[in-house]
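Sequential numbering from 1 along the given sequence is applied to the chain's residues. Each ligand, and each atom within it, is numbered from 1 in the order the structure gives.
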Amino acid sequence: MTTHDEPVSITPCPDGPLLVRGEIELRSADGTLIDPHRHTVALCRCGLSSIKPFCDGAHKTAGFRTEA
Ligand code: FES
């Protein structure tokens with residue numbers, strides 16, 4: 001279980017999104033607060049998601065590949 005005192009972690013998934021765990025404040029480009037509705041969020045890094053900034057799994061069908 002994570003508390004507010006635990007550090008935020010960002011973990012890149014191989015060939016996939018960035019998993020962000022912890023209490024964060026997520027905002028759109030215009031500064032609007034985005035409620036992630038969960039404690040761990042997957043942020044798209046392939047650029048193909050239809051629900052940016054979140055990952056929708058499109059990276060899989062697109063064959064997105066990362067170096068690590
Ligand atoms: S990383 Fe999953 S849709 Fe972009």
**Item:** Value rounded to 0.5 Å, distance of CG in L43 from CG in L26
**Value:** 6.0 Å

**Message:** Suppose the cut-off is 2.8 Å; how many protein N/O/S atoms fall inside it around atom 4 (Fe) of ligand 1?
**Reply:** 2

**Prompt:** Where do H59 and G16 come nearest, in terms of heavy atoms and distance?
**Reply:** CD2-CA, 3.7 Å

**Prompt:** Is there a donor-acceptor contact under 3.5 Å from the side chain of R45 to the main chain of P12?
**Reply:** no

**Message:** Under a 3.5 Å distance rule, please check whether K52 uses its side chain to pair with a backbone N or O of S49 as donor and acceptor.
**Reply:** yes

**Asked** Tell me the side chain to side chain donor-acceptor pair (under 3.5 Å) pairs involving residues 24-34, sequence neighbours left out?
**Response** E25-R27, S28-D30, D30-T32

**Asked** Just wondering, do T40 and V20 contact through their side chains at under 4.5 Å, heavy atoms?
**Response** no

